[in-house]
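For reference, the structure is listed below as structure tokens.
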Amino acid sequence: MYTDLNKKVAVITGGSKGIGTAISKRFGQEHMSVVINYNSDAVGAQKAADEVEANGGKAVIVQANVATEEGNKALLDAALDNFGDLDVWVNNAGMEIKSPTHELSLDDWNKVISIDQTGVFLGSKTALTYFKAQNKPGNIINMSSVHEQIPWPTFSSYAAAKGGVKLFTKTIAMEYAKEGIRVNAIGPGAINTPINAKKFADKAQYDQTVSMVPMDRIGTPEEVAAGAAWLASSESSYVTGITLFIDGGMTLYPAFKDGQG
Ligand code: NAD
């Protein structure tokens, strides 16, 4: 446990399932107070909130679309109304659409960019505005992906969004470093969450994904949540502007793993 996280207040977007739920639970174990955002799955968000409370934290759930300014403002308001402050903002919500790029509709492109990239901008802006107004050091964590670095044919909107998140994170980390505001990203590899449920249900696709991971296994949402807790805590007090890859080595050019090349 990171004792400095005790009673700190966090907003986590997209917390009704997957990595967002795991981060909520982990923050509950750290005895934090958590605003758990969901878009449509209130039942999943409530389950996550129950887990936070069962582990010693406090939680409220809030419906909001992260692609809107009103949605992000509602999350900040919930943190202030229920817990009186904001310390950590996790821009986790995300989605992906598979399509050959020449067939990708403008609507689908805009949908992915508005959630995965614009949502990160709006969440960060909301948190930064509060941190600046209070003159307090704050902490922002953006959920990127190994695909901020590894090209991903037929997922060009997702790769473009995550590539944007990478440099946005580094830029605002530099912009607000003097104020003591730390901004980092996490780059998960292949993690067992609902976003991958269909793919991993197919044994051939599951095995193929595992073959791209030097550690030879899929990661768990809890392993990503452990990175979020470390970045949120003062144990990482001199760390800003990085992407912490939690990927079993997926970014290490695994095609070379048996000495080929
Ligand atoms: P998931 O599908 O299980 O969860 C995504 C969450 O985002 C859901 O709760 C969903 O409701 C929410 N969301 C989507 N659109 C939203 C909106 N407009 N407003 C509010 N919430 C919205 O996926 P996950 O695997 O838990 O992914 C979480 C993050 O991790 C995403 O940003 C994803 O890109 C990233 N990531 C996941 C993996 C992986 O292998 N699972 C790998 C790399 C990056």
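For ligands, and for the atoms within them, numbers begin at 1 and follow the listed sequence.
Nearest protein neighbour of atom 3 (O) of ligand 1, counting heavy atoms only, is P194 CD, 3.3 Å. Scanning the protein for heavy atoms near atom 13 (N) of ligand 1, the closest one is A93 CB, 3.8 Å. Among protein heavy atoms, the minimum distance from atom 33 (C) of ligand 1 is reached at Y158 OH, 3.7 Å. In terms of protein heavy atoms, atom 19 (N) of ligand 1 is closest to V66 N, 3.1 Å. Among protein heavy atoms, atom 39 (C) of ligand 1 sits closest to N196 ND2, 3.5 Å. Among protein heavy atoms, atom 8 (C) of ligand 1 sits closest to K17 CG, 3.7 Å. Shortest contact from atom 23 (O) of ligand 1 to any protein heavy atom: I195 CB, 3.4 Å. Looking at atom 41 (N) of ligand 1, its nearest protein heavy atom turns out to be T193 OG1, 3.1 Å.
Using a 4.0 Å cut-off between heavy atoms, I115 contacts ligand 1 through its side chain alone, with no backbone atom that close. With a 4.0 Å cut-off on non-hydrogen atoms, N37 touches ligand 1 through its side chain and not its backbone. Residue contacts with ligand 1 for P221 are absent, since no atom lies close enough (heavy atoms, distance under 4.0 Å). Contact annotation: for S144 versus ligand 1, heavy atoms closer than 4.0 Å belong to the backbone alone. With a 4.0 Å heavy-atom cut-off, ligand 1 is reached by no atom of H147.
Between S124 and F168, some side-chain heavy-atom pair lies under the 4.5 Å cut-off. V62 places none of its side-chain heavy atoms less than 4.5 Å from the side chain of I36. Under the 4.5 Å side-chain criterion, counting only non-hydrogen atoms from C-beta, I172 is in contact with L128. In this structure, the side chains of K8 and E30 stay at 4.5 Å or more apart for every pair of heavy atoms. Residues I141 and W89 are not in side-chain contact: their nearest non-hydrogen atoms beyond the backbone lie 4.5 Å or more apart. Taking 4.5 Å as the limit, every side-chain heavy atom of N91 sits out of range of all side-chain heavy atoms of F121.
For the residue pair N196/Y206, the side-chain donor-acceptor check at 3.5 Å is not satisfied. Side-chain atoms of S144 and E148 include a donor-acceptor pair closer than 3.5 Å. Side chains of T13 and N37: a donor-acceptor N/O pair is absent below 3.5 angstrom, by distance only.
Polar contact with ligand 1: absent for D116 (N/O pair, distance under 3.5 Å). Residue-to-ligand polar distances keep M95 apart from ligand 1: every N/O pair is separated by 3.5 Å or more. Not a single N or O atom of A67, backbone or side chain, sits closer than 3.5 Å to an N or O atom of ligand 1. For ligand 1, none of its N or O atoms has an N or O atom of S145 under 3.5 Å away.
In the vicinity of G14, heavy-atom distances shorter than 4.0 Å reach the ligand 1 atoms 6 (C), 7 (O), 9 (O), 12 (C), 21 (N). Every atom of ligand 1 is numbered from 1 in the order shown, and the set under 4.0 Å from a heavy atom of A64 is 19 (N), 20 (C). Close contacts between ligand 1 and A190 involve ligand atoms 40 (O) [criterion: under 4.0 Å to a heavy atom]. For ligand 1, the atoms sitting less than 4.0 Å from at least one non-hydrogen atom of N65 are 17 (C), 18 (N), 19 (N), numbered in the order shown with element in parentheses.
For residues 202-218, the set of pairs meeting the salt bridge (Lys or Arg N to Asp or Glu O under 4.0 Å) definition, not counting sequence neighbours, comprises K203-D207, R217-E223.
With values rounded to the nearest 0.5 angstrom, T251 atom OG1 is found 6.0 Å from I150 atom CD1.
Here E51 pairs with K25 under the salt bridge (charged side-chain N to carboxylate O under 4.0 Å, His left out) rule; sequence neighbours left out.
Here the side chain of R182 pairs a donor or acceptor atom with the backbone of V239 at under 3.5 angstrom. A donor-acceptor pair under 3.5 Å links the side-chain atoms of Q63 to the main chain of N39, judged by distance alone.
Nearest-heavy-atom check against atom 5 (C) of ligand 1 across G94, G189, A48, P188 picks out G94.
For K132, the NZ atom counts as loosely surrounded, since its 6.0 Å shell holds 12 or fewer non-hydrogen atoms of other residues, nucleotides or ligands.
Ligand 1 lies out of reach of G219, whose nearest heavy atom is not under 4.0 Å from it. Residue contacts with ligand 1: E96 is excluded, as none of its non-hydrogen atoms falls under 4.0 Å. Ligand 1 does not have T13 within reach: every non-hydrogen atom of the residue lies 4.0 Å or more from it.
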